[in-house]
Amino acid sequence: MLEIRDIQKSFGALEVLKGVSLQVEQGDVVAILGPSGSGKTTLLRCINFLERADAGTMVFDGETVSMHRASHREIAAIRKKTAFVFQNYNLFRNKTALQNVTEGLVIARRMAKAEAVEIGKRSLDKVGLSDRYDYYPSQLSGGQQQRVAIARALATDPKIIYFDEPTSALDPELTGEVLSVMQQLATEGMTMLVVTHEMTFARNVSSKVIFMEDGLVVEEGDAKGFFDHPKTERTKAFLNHSNQ
Amino acid sequence: MNERVWNILTDSFMKILLPGLTMTIPLTVISFAIAMVIAVVTAMVQFAGVRGVKQLARFYVWVIRGTPLLVQLYVIFYGLPGLGIIIDPFPAAVIVFAINEGAYCAETVRAALESVPVGQMEAGYCVGMSYLQIMRRIVLPQAMRTAFPPLSNSLIALVKDTSLAANITVLEMFMATQRIVARTYEPLALYIEVGLIYLLFSTVLTKLQRIGEKRLNTYEKKETV
Ligand SMILES: Nc1ncnc2c1ncn2[C@@H]1O[C@H](COP(=O)(O)OP(=O)(O)OP(=O)(O)O)[C@@H](O)[C@H]1O
Ligand SMILES: [Mg+2]
């Protein structure tokens, strides 16, 4: 459903992605692991064109586009079928929870307001926020804000949702509520590509793991194999380290 | 204070206030409304980095902020007729105040636009919105909230600056006062009187600013959750 071939990206002289390829099938939950600075965020941002890659090809939903030469039109078309959940939520600060969710429907997709509100409420109900429709982001806790962000992602009925460390800005006691929402999405068959430091989540929820270091994929495979029988020394060291 | 001065003051009060209401206020409101349009457009082309137009916007702000308002009034009203362009005092004042205020407010709005976190723009892209949709619905409203207090300041400054229009024969409050002074020879009392009326106008605006800020604050108000 999503295939990335040989994506490369430098910031000035710093080579951040040195040719990364990956494949996500429909219904997959792919976890991207790796030490800080390995290029995980940059990879996700390039995949959704928030950052322009220097080279690479993307096959998304049957369409092939060049990652460095994609036109505005192609990018817009791809974005309408994807959603992004940021580390720091990035909810629209001047909109209520419900408006955050409906904005992409009413404004970007020209959906009738009433229909959008209905979908918006359903999405918020799904993440357990039926009593917070009219709250502004500043009136919500971090965990609640991130759940609104997930509801915003769900509402547009995306083919895939990208998550960039969705719980790492949260207090430890709030990560559970966000992870369980994600887990529920996984059970329902949502396709997700998740950058995370939550090993338990990667092990129990994801179907596939990609381990990155220094702008390259070091190891990838199904989650069970990856955690139980890591192949490379680097992966073993990383897993040992994060088990402590 | 003797009775003569007191009588002059009470007699002149309406004679000063009236041009205040019919000239100073319309001059301020019309100029500021146009200035806001200029400011938002100038700030947006700089923020978006529209090539060419951006340099033009910078040039405009540079020239206007770098020259005295009084000189600008003289150039338009006394200078342009030399080129055969004759503008009546009131429209000439509106043009100068709008262009002058527009340059200052453009900087305010631009700074406010830049203070909106880039994540707001990125989130907009990710839900499928276009650049202009995000500007209109997300970034500009947040920037205007930030810019509201400094823009209110500019408005209050403008009310007082309209007194400079007396120099190009606009019969506003200050010029009305000058005329009464010329007849009565009571400059101290009368100039203090007109000063107090300006103070009254500014006070009303400050009150309105407070009310406006309170209403705009809705989305920033922290409530116990
Ligand atoms: N906009 C940018 N300009 C310059 N350098 C950047 C930029 N964004 C990222 N980098 C650099 O690219 C490298 C990879 O960053 P990236 O954020 O992708 O890492 P990451 O794997 O997500 O790390 P973390 O786990 O800490 O989030 C880092 O060295 C970072 O400093
Ligand atoms: Mg990161």
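What you see is a predicted model; the values in this text were computed from it and never measured. Chain letters run A, B, ... following the sequence lines, proteins first, then strands; residues in each count from 1.
Of the atoms belonging to A:Lys95, it is side-chain heavy atoms, and not backbone ones, that fall under 4.5 Å from chain B. For A:Phe86, the part sitting under 4.5 Å from any heavy atom of chain B is the side chain, from C-beta outward, and nothing else. Contact of A:Leu91 with chain B is made through the backbone alone, with heavy-atom distances under 4.5 Å. A:Asn94 touches chain B through backbone and side chain together, each having a heavy atom under 4.5 Å away.
In this structure, B:Gln55 places its CD atom where more than 12 heavy-atom neighbours from other residues, nucleotides or ligands lie under 6.0 Å away. No more than 12 heavy atoms of other residues, nucleotides or ligands shown are found within 6.0 angstrom of CZ on B:Arg58. Within 6.0 Å of atom CZ in B:Phe59, 12 or fewer heavy atoms from other residues, nucleotides or ligands are found, so the atom counts as exposed in its surroundings. The number of heavy atoms from other shown groups lying within 6.0 Å of NZ (A:Lys159) does not exceed 12. Summarising the local packing, CD of B:Glu114 is surrounded by more than 12 heavy atoms from other residues, nucleotides or ligands at distances under 6.0 Å.
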- Go through A:Glu103 and B:Ile138 one step at a time and tell me if the side chain to side chain contact (heavy atoms under 4.5 Å, CB included) criterion holds. CA-CA 10 Å; A:Glu103 194 71 6; B:Ile138 311 294; 4.2 Å; yes
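The CD atom of A:Gln99 lies 8.0 Å from the CZ atom of B:Arg137; values are rounded to the nearest 0.5 Å. For the atom pair A:Arg152 CZ and B:Cys126 SG, the distance stands at 8.0 Å (nearest 0.5 Å).
Residues of residues 105-131 of chain A that come closer than 4.5 Å to chain B, counting heavy atoms only, are A:Ile107, A:Ala108, A:Arg109, A:Arg110, ordered by residue number.
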Between side-chain atoms of residues 63-73 of chain B and protein atoms elsewhere (two or more places apart, or another chain), which donor-acceptor pairs fall under 3.5 Å?
residue: B:Thr67; atom: OG1; partner: B:Val63; partner atom: O; Å: 3.0
residue: B:Thr67; atom: OG1; partner: B:Gln72; partner atom: NE2; Å: 2.8
residue: B:Gln72; atom: OE1; partner: B:Asn100; partner atom: ND2; Å: 2.8
residue: B:Gln72; atom: NE2; partner: B:Ile64; partner atom: O; Å: 3.0
residue: B:Gln72; atom: NE2; partner: B:Thr67; partner atom: O; Å: 3.1

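Across A:Phe92 and B:Met129, no two heavy atoms sit closer than the pair CZ-SD, 4.4 Å.
Annotation: cation-pi geometry satisfied between A:Arg79 and B:Tyr125 (NZ/CZ under 6.0 angstrom from ring centroid, within 45° of ring axis).
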